[in-house]
Protein chains: 2
Amino acid sequence: MTTKSIESASEVPAEAAGTFPVPRLDQQLCFALYSASGLMTKLYRPLLDPLGLTYPQYLAMLALWEHAPSTVGALGAALGLDSATLTPLLKRLEAGGLVTRRRDAADERRVLVEPTAKGQALRGRVKDVSSGLACSMPLEPGELKALHATVTRLVSRLRNATENAADCD
Amino acid sequence: MTTKSIESASEVPAEAAGTFPVPRLDQQLCFALYSASGLMTKLYRPLLDPLGLTYPQYLAMLALWEHAPSTVGALGAALGLDSATLTPLLKRLEAGGLVTRRRDAADERRVLVEPTAKGQALRGRVKDVSSGLACSMPLEPGELKALHATVTRLVSRLRNATENAADCD
DNA sequence: TCCAATTATTTTGTGCACGATTAGTTAGTG
DNA sequence: CACTAACTAATCGTGCACAAAATAATTGGA
(Lines give C-alpha, C1' and ligand atoms only; values in the text may rest on other atoms or scores of the structure.)
Protein backbone atom coordinates (compact mmCIF):
# COMPACT_ATOMS: atom_id res chain seq x y z
CA MET A 1 0.00 0.00 0.00
CA THR A 2 2.70 2.47 0.92
CA THR A 3 3.26 4.22 -2.35
CA LYS A 4 4.77 7.26 -0.74
CA SER A 5 7.93 9.15 -1.51
CA ILE A 6 7.39 9.17 -5.22
CA GLU A 7 5.29 12.24 -4.91
CA SER A 8 7.74 14.81 -3.68
CA ALA A 9 10.62 13.58 -5.78
CA SER A 10 11.07 16.20 -8.45
CA GLU A 11 8.02 17.86 -9.84
CA VAL A 12 6.78 19.86 -6.90
CA PRO A 13 9.25 22.61 -6.14
CA ALA A 14 8.97 22.59 -2.35
CA GLU A 15 7.25 25.73 -1.16
CA ALA A 16 9.07 28.05 1.16
CA ALA A 17 6.85 27.15 4.06
CA GLY A 18 7.15 23.50 3.07
CA THR A 19 4.48 21.31 1.55
CA PHE A 20 1.55 20.89 3.86
CA PRO A 21 0.18 17.45 4.50
CA VAL A 22 -2.87 17.57 2.28
CA PRO A 23 -5.44 14.84 2.80
CA ARG A 24 -5.01 12.09 0.24
CA LEU A 25 -7.86 11.52 -2.11
CA ASP A 26 -8.14 7.81 -1.40
CA GLN A 27 -8.31 8.46 2.34
CA GLN A 28 -11.35 10.70 2.07
CA LEU A 29 -14.67 9.17 2.98
CA CYS A 30 -16.44 11.93 1.10
CA PHE A 31 -14.67 11.00 -2.10
CA ALA A 32 -15.50 7.32 -1.64
CA LEU A 33 -19.18 8.21 -1.20
CA TYR A 34 -19.04 10.59 -4.15
CA SER A 35 -17.53 7.88 -6.36
CA ALA A 36 -19.90 5.18 -5.14
CA SER A 37 -22.93 7.35 -5.79
CA GLY A 38 -21.77 8.22 -9.29
CA LEU A 39 -21.02 4.59 -10.13
CA MET A 40 -24.39 3.43 -8.83
CA THR A 41 -26.08 5.97 -11.07
CA LYS A 42 -24.05 4.68 -13.98
CA LEU A 43 -25.01 1.11 -13.08
CA TYR A 44 -28.70 2.03 -13.07
CA ARG A 45 -28.62 3.90 -16.34
CA PRO A 46 -28.90 0.96 -18.78
CA LEU A 47 -31.73 -0.51 -16.69
CA LEU A 48 -33.68 2.74 -16.43
CA ASP A 49 -33.12 3.85 -20.01
CA PRO A 50 -35.72 1.45 -21.47
CA LEU A 51 -38.20 2.81 -18.91
CA GLY A 52 -37.53 6.36 -20.02
CA LEU A 53 -36.39 7.39 -16.55
CA THR A 54 -33.26 9.04 -15.26
CA TYR A 55 -32.00 8.01 -11.86
CA PRO A 56 -33.42 10.98 -9.90
CA GLN A 57 -36.69 10.54 -11.76
CA TYR A 58 -36.70 6.90 -10.68
CA LEU A 59 -36.26 7.96 -7.06
CA ALA A 60 -39.14 10.42 -7.40
CA MET A 61 -41.38 7.70 -8.82
CA LEU A 62 -40.40 5.36 -5.97
CA ALA A 63 -41.45 8.02 -3.47
CA LEU A 64 -44.71 8.67 -5.31
CA TRP A 65 -45.55 4.98 -5.53
CA GLU A 66 -45.12 4.84 -1.78
CA HIS A 67 -47.29 7.83 -1.05
CA ALA A 68 -49.47 9.89 -3.36
CA PRO A 69 -50.73 12.47 -3.86
CA SER A 70 -47.79 14.35 -2.44
CA THR A 71 -46.86 18.02 -2.40
CA VAL A 72 -43.64 19.21 -3.99
CA GLY A 73 -42.38 20.15 -0.56
CA ALA A 74 -43.06 16.72 0.93
CA LEU A 75 -41.42 15.05 -2.02
CA GLY A 76 -38.40 17.31 -1.67
CA ALA A 77 -38.14 16.43 2.02
CA ALA A 78 -38.28 12.71 1.25
CA LEU A 79 -35.63 12.93 -1.47
CA GLY A 80 -33.52 15.68 0.02
CA LEU A 81 -34.05 17.84 -3.03
CA ASP A 82 -34.87 21.50 -3.48
CA SER A 83 -38.07 22.62 -5.17
CA ALA A 84 -35.92 24.33 -7.78
CA THR A 85 -34.55 20.91 -8.69
CA LEU A 86 -37.81 19.09 -8.30
CA THR A 87 -40.08 21.36 -10.32
CA PRO A 88 -38.39 20.86 -13.71
CA LEU A 89 -37.89 17.17 -12.95
CA LEU A 90 -41.61 16.76 -12.24
CA LYS A 91 -42.45 18.74 -15.34
CA ARG A 92 -40.45 16.27 -17.40
CA LEU A 93 -42.27 13.39 -15.73
CA GLU A 94 -45.54 15.17 -16.48
CA ALA A 95 -44.48 15.70 -20.09
CA GLY A 96 -43.83 11.97 -20.29
CA GLY A 97 -47.32 11.29 -19.02
CA LEU A 98 -46.15 9.61 -15.81
CA VAL A 99 -47.51 12.07 -13.24
CA THR A 100 -50.08 14.83 -12.89
CA ARG A 101 -49.53 18.17 -11.17
CA ARG A 102 -52.44 20.21 -9.85
CA ARG A 103 -53.04 22.94 -7.32
CA ASP A 104 -54.48 21.88 -4.02
CA ALA A 105 -58.01 23.31 -3.85
CA ALA A 106 -57.82 23.61 -0.07
CA ASP A 107 -54.53 25.53 -0.15
CA GLU A 108 -53.72 27.15 -3.44
CA ARG A 109 -50.06 27.46 -2.52
CA ARG A 110 -49.53 23.73 -2.72
CA VAL A 111 -49.09 21.59 -5.80
CA LEU A 112 -50.15 17.97 -5.59
CA VAL A 113 -48.26 15.39 -7.60
CA GLU A 114 -49.65 11.96 -8.39
CA PRO A 115 -48.77 9.10 -10.73
CA THR A 116 -51.02 8.63 -13.74
CA ALA A 117 -52.26 5.22 -14.86
CA LYS A 118 -49.22 5.07 -17.10
CA GLY A 119 -47.04 5.93 -14.13
CA GLN A 120 -48.63 3.17 -12.09
CA ALA A 121 -48.14 0.73 -14.94
CA LEU A 122 -44.41 1.39 -14.78
CA ARG A 123 -44.44 -0.10 -11.30
CA GLY A 124 -44.46 -3.65 -12.58
CA ARG A 125 -41.45 -3.15 -14.79
CA VAL A 126 -39.36 -1.81 -11.93
CA LYS A 127 -38.95 -5.24 -10.38
CA ASP A 128 -36.56 -6.05 -13.20
CA VAL A 129 -34.48 -3.04 -12.26
CA SER A 130 -34.07 -4.20 -8.68
CA SER A 131 -33.40 -7.82 -9.51
CA GLY A 132 -31.04 -6.95 -12.34
CA LEU A 133 -29.14 -4.75 -9.99
CA ALA A 134 -29.05 -7.07 -7.02
CA CYS A 135 -27.15 -9.56 -9.13
CA SER A 136 -24.52 -6.95 -9.90
CA MET A 137 -24.08 -5.97 -6.27
CA PRO A 138 -20.56 -7.01 -5.52
CA LEU A 139 -20.80 -7.42 -1.76
CA GLU A 140 -21.93 -10.20 0.51
CA PRO A 141 -25.46 -9.87 1.87
CA GLY A 142 -24.38 -9.32 5.46
CA GLU A 143 -21.77 -6.80 4.48
CA LEU A 144 -24.27 -5.02 2.31
CA LYS A 145 -26.79 -4.82 5.09
CA ALA A 146 -24.23 -3.44 7.51
CA LEU A 147 -23.12 -0.89 4.96
CA HIS A 148 -26.66 0.25 4.39
CA ALA A 149 -27.27 0.62 8.09
CA THR A 150 -24.12 2.65 8.63
CA VAL A 151 -24.70 4.94 5.66
CA THR A 152 -28.29 5.48 6.74
CA ARG A 153 -27.13 6.49 10.20
CA LEU A 154 -24.57 8.82 8.65
CA VAL A 155 -27.24 10.40 6.48
CA SER A 156 -29.61 11.04 9.34
CA ARG A 157 -26.86 12.69 11.38
CA LEU A 158 -25.57 14.70 8.44
CA ARG A 159 -29.06 16.04 8.00
CA ASN A 160 -28.89 17.56 11.45
CA ALA A 161 -25.37 18.82 10.90
CA THR A 162 -26.26 20.65 7.71
CA GLU A 163 -29.38 22.13 9.23
CA ASN A 164 -27.67 23.58 12.25
CA ALA A 165 -24.82 24.71 10.02
CA ALA A 166 -22.67 26.14 12.82
CA ASP A 167 -21.70 23.25 15.03
CA CYS A 168 -18.03 23.88 15.49
CA ASP A 169 -16.67 26.83 13.63
CA MET B 1 -47.59 2.92 8.97
CA THR B 2 -46.78 -0.67 9.70
CA THR B 3 -47.12 -2.15 6.30
CA LYS B 4 -45.14 -5.31 6.43
CA SER B 5 -41.58 -4.36 7.22
CA ILE B 6 -40.28 -7.63 5.88
CA GLU B 7 -38.05 -7.28 2.89
CA SER B 8 -39.29 -10.55 1.37
CA ALA B 9 -35.89 -12.13 1.23
CA SER B 10 -36.72 -14.30 -1.76
CA GLU B 11 -38.64 -13.68 -4.95
CA VAL B 12 -41.99 -11.96 -5.31
CA PRO B 13 -44.97 -14.12 -6.26
CA ALA B 14 -47.84 -11.63 -6.31
CA GLU B 15 -48.19 -11.26 -10.04
CA ALA B 16 -51.87 -10.40 -10.09
CA ALA B 17 -53.97 -7.78 -8.46
CA GLY B 18 -52.72 -4.27 -8.87
CA THR B 19 -49.94 -2.93 -6.74
CA PHE B 20 -46.58 -4.58 -7.11
CA PRO B 21 -44.20 -4.52 -4.19
CA VAL B 22 -41.96 -1.69 -5.24
CA PRO B 23 -38.65 -1.37 -3.39
CA ARG B 24 -38.97 1.16 -0.61
CA LEU B 25 -36.84 4.23 -0.86
CA ASP B 26 -35.34 3.83 2.60
CA GLN B 27 -34.31 0.24 1.88
CA GLN B 28 -32.24 1.18 -1.14
CA LEU B 29 -28.50 1.32 -0.65
CA CYS B 30 -28.16 3.42 -3.77
CA PHE B 31 -30.44 6.08 -2.30
CA ALA B 32 -28.52 6.10 0.97
CA LEU B 33 -25.27 6.63 -0.95
CA TYR B 34 -26.91 9.26 -3.13
CA SER B 35 -28.15 11.15 -0.08
CA ALA B 36 -24.89 10.82 1.80
CA SER B 37 -22.90 12.13 -1.14
CA GLY B 38 -25.20 15.11 -1.57
CA LEU B 39 -25.13 15.95 2.12
CA MET B 40 -21.35 15.72 2.24
CA THR B 41 -21.13 18.16 -0.62
CA LYS B 42 -23.48 20.48 1.23
CA LEU B 43 -21.38 20.12 4.36
CA TYR B 44 -18.23 21.10 2.47
CA ARG B 45 -19.76 24.09 0.75
CA PRO B 46 -19.42 26.69 3.54
CA LEU B 47 -15.81 25.58 4.09
CA LEU B 48 -14.85 25.67 0.43
CA ASP B 49 -16.71 28.86 -0.43
CA PRO B 50 -14.11 31.16 1.16
CA LEU B 51 -11.46 29.31 -0.86
CA GLY B 52 -13.35 29.94 -4.08
CA LEU B 53 -13.66 26.22 -4.77
CA THR B 54 -16.62 23.99 -5.50
CA TYR B 55 -16.52 20.45 -4.21
CA PRO B 56 -15.46 18.77 -7.48
CA GLN B 57 -12.86 21.50 -7.95
CA TYR B 58 -11.57 20.70 -4.46
CA LEU B 59 -11.23 17.05 -5.43
CA ALA B 60 -9.33 18.03 -8.57
CA MET B 61 -6.95 20.19 -6.56
CA LEU B 62 -6.40 17.35 -4.07
CA ALA B 63 -5.43 15.08 -6.96
CA LEU B 64 -3.13 17.71 -8.43
CA TRP B 65 -1.44 18.41 -5.11
CA GLU B 66 -0.71 14.71 -4.92
CA HIS B 67 0.71 14.45 -8.39
CA ALA B 68 1.50 17.15 -10.91
CA PRO B 69 1.77 17.81 -13.72
CA SER B 70 -0.99 15.49 -14.76
CA THR B 71 -2.79 14.94 -18.04
CA VAL B 72 -6.52 15.48 -18.26
CA GLY B 73 -6.98 11.80 -18.91
CA ALA B 74 -5.01 10.75 -15.82
CA LEU B 75 -6.94 13.19 -13.70
CA GLY B 76 -10.20 11.86 -15.04
CA ALA B 77 -9.15 8.31 -14.20
CA ALA B 78 -8.24 9.33 -10.66
CA LEU B 79 -11.50 11.16 -10.08
CA GLY B 80 -13.78 8.95 -12.15
CA LEU B 81 -14.79 11.89 -14.29
CA ASP B 82 -15.18 12.30 -18.00
CA SER B 83 -12.90 14.68 -19.87
CA ALA B 84 -16.03 16.49 -21.03
CA THR B 85 -16.73 17.25 -17.39
CA LEU B 86 -13.14 17.93 -16.47
CA THR B 87 -12.25 20.35 -19.25
CA PRO B 88 -14.65 23.15 -18.27
CA LEU B 89 -13.90 22.53 -14.60
CA LEU B 90 -10.17 22.93 -15.24
CA LYS B 91 -10.81 26.01 -17.34
CA ARG B 92 -12.59 27.59 -14.40
CA LEU B 93 -9.66 26.70 -12.14
CA GLU B 94 -7.35 28.23 -14.75
CA ALA B 95 -9.50 31.36 -14.92
CA GLY B 96 -9.17 31.60 -11.15
CA GLY B 97 -5.40 31.40 -11.47
CA LEU B 98 -5.09 28.12 -9.57
CA VAL B 99 -3.77 25.87 -12.35
CA THR B 100 -2.02 26.10 -15.70
CA ARG B 101 -2.89 24.08 -18.78
CA ARG B 102 -0.36 23.53 -21.53
CA ARG B 103 0.30 21.07 -24.34
CA ASP B 104 2.88 18.42 -23.67
CA ALA B 105 5.86 19.22 -25.90
CA ALA B 106 6.77 15.54 -26.13
CA ASP B 107 3.27 14.52 -27.15
CA GLU B 108 1.19 17.33 -28.52
CA ARG B 109 -1.98 15.34 -28.00
CA ARG B 110 -1.77 15.65 -24.26
CA VAL B 111 -2.59 18.61 -22.06
CA LEU B 112 -0.67 18.95 -18.83
CA VAL B 113 -2.34 20.48 -15.81
CA GLU B 114 -0.38 21.86 -12.89
CA PRO B 115 -1.10 24.04 -9.86
CA THR B 116 0.22 27.59 -10.00
CA ALA B 117 1.96 29.22 -7.05
CA LYS B 118 -1.44 30.52 -6.05
CA GLY B 119 -2.81 27.00 -6.32
CA GLN B 120 -0.02 25.68 -4.14
CA ALA B 121 -0.64 28.43 -1.63
CA LEU B 122 -4.19 27.19 -1.23
CA ARG B 123 -2.76 23.97 0.13
CA GLY B 124 -2.14 25.45 3.52
CA ARG B 125 -5.67 26.70 3.92
CA VAL B 126 -7.11 23.28 3.17
CA LYS B 127 -6.08 21.90 6.51
CA ASP B 128 -8.85 23.98 8.02
CA VAL B 129 -11.31 22.31 5.71
CA SER B 130 -10.35 18.85 6.88
CA SER B 131 -10.21 19.68 10.55
CA GLY B 132 -13.42 21.68 10.40
CA LEU B 133 -15.08 18.76 8.79
CA ALA B 134 -13.70 16.06 11.02
CA CYS B 135 -15.41 17.75 13.94
CA SER B 136 -18.74 17.52 12.18
CA MET B 137 -18.34 13.86 11.31
CA PRO B 138 -21.03 12.19 13.31
CA LEU B 139 -19.60 8.69 13.55
CA GLU B 140 -17.16 7.01 15.85
CA PRO B 141 -13.61 6.67 14.50
CA GLY B 142 -13.73 2.91 14.23
CA GLU B 143 -17.09 2.93 12.57
CA LEU B 144 -15.93 5.59 10.18
CA LYS B 145 -12.87 3.61 9.23
CA ALA B 146 -14.91 0.48 8.61
CA LEU B 147 -17.38 2.45 6.52
CA HIS B 148 -14.60 3.90 4.43
CA ALA B 149 -13.09 0.50 3.84
CA THR B 150 -16.39 -1.04 2.78
CA VAL B 151 -17.35 1.81 0.48
CA THR B 152 -13.89 1.75 -1.08
CA ARG B 153 -14.23 -1.96 -1.78
CA LEU B 154 -17.69 -1.35 -3.23
CA VAL B 155 -16.29 1.38 -5.48
CA SER B 156 -13.49 -0.76 -6.83
CA ARG B 157 -15.89 -3.58 -7.64
CA LEU B 158 -18.47 -1.25 -9.14
CA ARG B 159 -15.76 0.05 -11.42
CA ASN B 160 -15.35 -3.42 -12.87
CA ALA B 161 -19.11 -3.96 -13.04
CA THR B 162 -19.71 -0.77 -15.01
CA GLU B 163 -16.84 -1.49 -17.36
CA ASN B 164 -17.92 -4.99 -18.24
CA ALA B 165 -21.51 -3.80 -18.39
CA ALA B 166 -22.98 -7.25 -19.05
CA ASP B 167 -22.31 -9.35 -16.00
CA CYS B 168 -25.63 -11.01 -15.49
CA ASP B 169 -28.22 -10.16 -18.08
C1' DT C 1 5.26 9.86 -48.95
C1' DC C 2 0.77 9.30 -47.92
C1' DC C 3 -3.08 7.36 -45.65
C1' DA C 4 -5.58 4.91 -42.12
C1' DA C 5 -5.92 3.84 -37.23
C1' DT C 6 -5.20 5.41 -32.65
C1' DT C 7 -5.33 8.56 -28.87
C1' DA C 8 -6.68 12.86 -26.51
C1' DT C 9 -9.28 16.82 -26.09
C1' DT C 10 -13.15 19.66 -27.02
C1' DT C 11 -17.93 20.66 -28.38
C1' DT C 12 -22.94 19.88 -28.28
C1' DG C 13 -27.20 18.70 -26.11
C1' DT C 14 -29.78 17.02 -22.15
C1' DG C 15 -30.49 16.68 -17.40
C1' DC C 16 -29.44 17.24 -12.28
C1' DA C 17 -28.48 20.39 -8.27
C1' DC C 18 -28.16 24.51 -5.51
C1' DG C 19 -28.44 29.52 -3.95
C1' DA C 20 -30.89 33.59 -4.52
C1' DT C 21 -34.86 35.87 -5.96
C1' DT C 22 -39.72 36.56 -7.13
C1' DA C 23 -44.73 36.01 -6.93
C1' DG C 24 -48.81 34.47 -4.91
C1' DT C 25 -51.52 32.51 -0.82
C1' DT C 26 -52.70 32.15 3.92
C1' DA C 27 -52.95 33.73 8.49
C1' DG C 28 -52.29 36.92 12.22
C1' DT C 29 -52.25 41.88 13.98
C1' DG C 30 -53.62 46.50 14.75
C1' DC D 1 -59.82 46.75 6.58
C1' DA D 2 -55.14 47.16 5.16
C1' DC D 3 -50.55 45.34 6.62
C1' DT D 4 -47.36 42.33 7.80
C1' DA D 5 -45.18 37.84 8.39
C1' DA D 6 -44.60 33.09 7.08
C1' DC D 7 -44.92 29.76 3.73
C1' DT D 8 -45.02 27.42 -1.08
C1' DA D 9 -43.74 27.02 -5.68
C1' DA D 10 -41.62 28.82 -9.71
C1' DT D 11 -37.77 31.24 -12.01
C1' DC D 12 -32.89 32.65 -12.97
C1' DG D 13 -27.95 31.96 -13.11
C1' DT D 14 -24.04 28.98 -12.30
C1' DG D 15 -21.89 24.67 -12.18
C1' DC D 16 -21.54 19.46 -12.49
C1' DA D 17 -22.13 15.11 -15.31
C1' DC D 18 -22.50 12.12 -19.28
C1' DA D 19 -23.21 10.36 -24.19
C1' DA D 20 -22.21 11.19 -28.72
C1' DA D 21 -20.13 13.75 -32.27
C1' DA D 22 -16.44 16.74 -33.89
C1' DT D 23 -11.62 18.19 -33.96
C1' DA D 24 -6.65 17.60 -33.84
C1' DA D 25 -2.19 15.45 -33.44
C1' DT D 26 0.63 11.08 -33.38
C1' DT D 27 1.72 6.65 -34.82
C1' DG D 28 2.09 2.69 -37.88
C1' DG D 29 2.13 0.82 -41.93
C1' DA D 30 1.91 0.17 -47.49
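Per chain, numbering begins at 1; letters A, B, ... match sequence-line order. Worth saying up front: this structure is predicted, and the values here are computed from it rather than measured.
- Per the geometry, CG belonging to A:L53 stands 12 Å off P belonging to C:dG15, to the nearest Å.
- Here D:dG15 presents its C1' atom at 16 Å from NZ of B:K42, a figure rounded to the nearest Å.
- Considering CD of A:Q120 and OG1 of A:T116, their distance stands at 8.0 Å, rounded to 0.5 Å.
- A:T41 comes within 4.0 angstrom of nothing in the nucleic acid, heavy atoms only.
- Whole-Å rounding puts the A:D107 CG to C:dA27 P distance at 7 Å.
- Residue B:Y44 contributes atom OH, which lies 18 Å from atom P of C:dC18 at whole-angstrom precision.
- Nucleic acid contact for A:T54: sugar-phosphate only, since backbone atoms but no base atoms lie under 4.0 Å from a heavy atom of the residue.
- Residues A:L112 and A:T71 have side chains in contact (heavy-atom distance under 4.5 Å, counting atoms from C-beta outward).
- Checking D:dA10, C:dA8, C:dC18 against every side-chain atom of A:R101, the shortest atom distance belongs to D:dA10.
- For B:L89 and C:dT10, the CG to C1' distance is 15 Å, given to the nearest whole Å.
- The interatomic distance linking A:R109 (CZ) with C:dT25 (P) rounds to 11 Å, in whole Å.
- To the nearest angstrom, C1' of C:dG19 lies 16 Å from CG of B:L48.
- Within 4.0 Å (heavy atoms only), B:L81 reaches sugar-phosphate atoms of the nucleic acid but no base atom.
- In this structure, CD of B:E94 is placed 14 Å from P of C:dT9, rounded to the nearest angstrom.
- When the nucleotides D:dA9, D:dC18, C:dC18 are ranked by their closest atom to the side chain of A:V72, D:dA9 comes out on top.
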